[in-house]
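The residues of the chain are indexed from 1 along the displayed sequence. What you see is a predicted model; the values in this text were computed from it and never measured.
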Amino acid sequence: MITNTDPEFAPIATRIRDNVGRQGFMTHVGAELSELTRGSCTLEVDRRPELLQQHGLFHGGVTAFLVDNATTIAAATSRGQAALTAEYKLNLLSPAVGERLICRARVIKPGRQVAVVAADVYCLTHGVEKHTATALASIAMLDEKAAARIQSPA
C-alpha cells in the first residue's frame, strides 16, 4: 500500500518499489513492503520454518534485516535519494514469537548526507502486536554520482 497525498511522492514511491522488487534477499526472506509514505516504511514477513532459530523464535537476523532495509527505504522516501545503511543499534526487547514480524521505520531527521531513522519491530500473534525490538539507524544519503559509482555490473 502506498498512501500519500503528495503528488511529488508518486514517482519516488514507484522508483523505491521497483528497487525493492529487484532485491533478491527480500524475495529470499519472503518480506513484503506493506506501507510506504514520505518518511516512513513498513516491512512484514510471515513465519516460516527457515526463518526460525532452534527455539522456534524468529531468528534475530530476520529482525536485523527488516530494520536494515526498512530504515534505508524510509530514508530514501524523504528526498528520493539513494541510501545505504551506515550504522544501526538494535535492541531485542522480547522473544519474537508469533505468526508475522512487522517493522515500522520512520525518519527522525532527513539530512542531506546522513538521515537518522528509528524502527520498531512487532510480532503479531492472534491479531495482537507485541513489541520485540527497537532500533536507531544512521543512513548515508547518496547523491547521483555516488549512487552511480556503487552500481554493480549486471
Side-chain angles (χ1 to χ4, degrees), residues 1-48 50-51 58-94 96 98 100-124 129-154:
M1 165 194 245
I2 297 175
T3 56
N4 207 309
T5 58
D6 179 358
E8 294 178 16
F9 183 66
I12 292 169
T14 297
R15 187 170 56 251
I16 288 171
R17 275 204 174 286
D18 289 347
N19 286 338
V20 169
R22 288 193 299 271
Q23 290 183 7
F25 202 67
M26 280 282 289
T27 302
H28 181 70
V29 170
E32 62 183 49
L33 175 56
S34 60
E35 188 171 349
L36 186 65
T37 63
R38 192 176 299 272
S40 71
C41 168
T42 301
L43 296 180
E44 302 184 32
V45 66
D46 287 326
R47 179 187 180 92
R48 295 192 337 263
E50 58 272 23
L51 301 180
F58 276 98
H59 193 284
V62 178
T63 295
F65 161 70
L66 290 176
V67 164
D68 180 13
N69 225 24
T71 55
T72 303
I73 293 167
T77 67
S78 294
R79 293 190 174 93
Q81 289 175 260
L84 288 175
T85 304
E87 172 272 339
Y88 63 87
K89 166 73 167 103
L90 174 63
N91 289 290
L92 301 172
L93 305 173
S94 64
R100 187 170 190 77
L101 272 184
I102 303 165
C103 180
R104 296 185 182 102
R106 68 198 175 288
V107 175
I108 304 298
K109 182 183 182 300
R112 289 189 191 275
Q113 294 181 324
V114 177
V116 176
V117 185
D120 290 293
V121 182
Y122 301 87
C123 208
L124 186 66
E129 291 184 7
K130 182 178 182 184
H131 199 190
T132 59
T134 191
L136 188 63
S138 298
I139 307 298
M141 304 306 297
L142 307 178
D143 60 26
E144 289 181 26
K145 288 181 183 178
R149 281 194 308 267
I150 65 165
Q151 294 295 319
S152 63

task = Output all residues satisfying side-chain hydrogen bond (donor to acceptor under 3.5 Å, both in side chains) with S40, sequence neighbours left out; order by chain, then residue number.
result = T37
key: From S138 atom OG to K109 atom NZ, the distance as rounded to the nearest 0.5 Å   = 11.0 Å
request  = Can you measure from CG (L101) to CD (E129) and round to the nearest 0.5 angstrom?
outcome  = 11.0 Å
task = Side-chain contact test, heavy atoms from C-beta onward, threshold under 4.5 Å: evaluate it for T85 versus I139 and give yes or no.
result = yes
ask   = With a 4.5 Å limit on heavy-atom distance, are the side chains of M141 and V114 in contact?
value = no
inquiry  = Y122: which residues meet the ring-ring contact (aromatic ring centres under 6.0 Å, His included) condition with it, sequence neighbours left out?
reply    = H131
key: Nearest atoms (heavy-atom pairs only) where R112 meets Q81   = O-NE2, 3.6 Å
key: Separation between OG1 of T14 and CD1 of I12, rounded to the nearest 0.5 Å   = 10.0 Å
key: Any side-chain heavy-atom pair of F9 and L36 under 4.5 Å   = yes
request  = Report yes or no: do S34 and T42 form a side-chain donor-acceptor pair below 3.5 Å?
outcome  = no
key: Side chains of Y88 and D68 in contact at under 4.5 Å (non-hydrogen atoms)   = yes
request  = Please determine, by modelled atom types, if N91 and T134 share a side-chain donor-acceptor pair under 3.5 angstrom.
outcome  = no
With R100 via side-chain contact (heavy atoms from CB on, under 4.5 Å) - residues at least two apart = E32, E44, D46, I102, L124
message = Distance alone, cut at 3.5 Å: any donor-acceptor contact between the side chains of D143 and Q113?
response = no
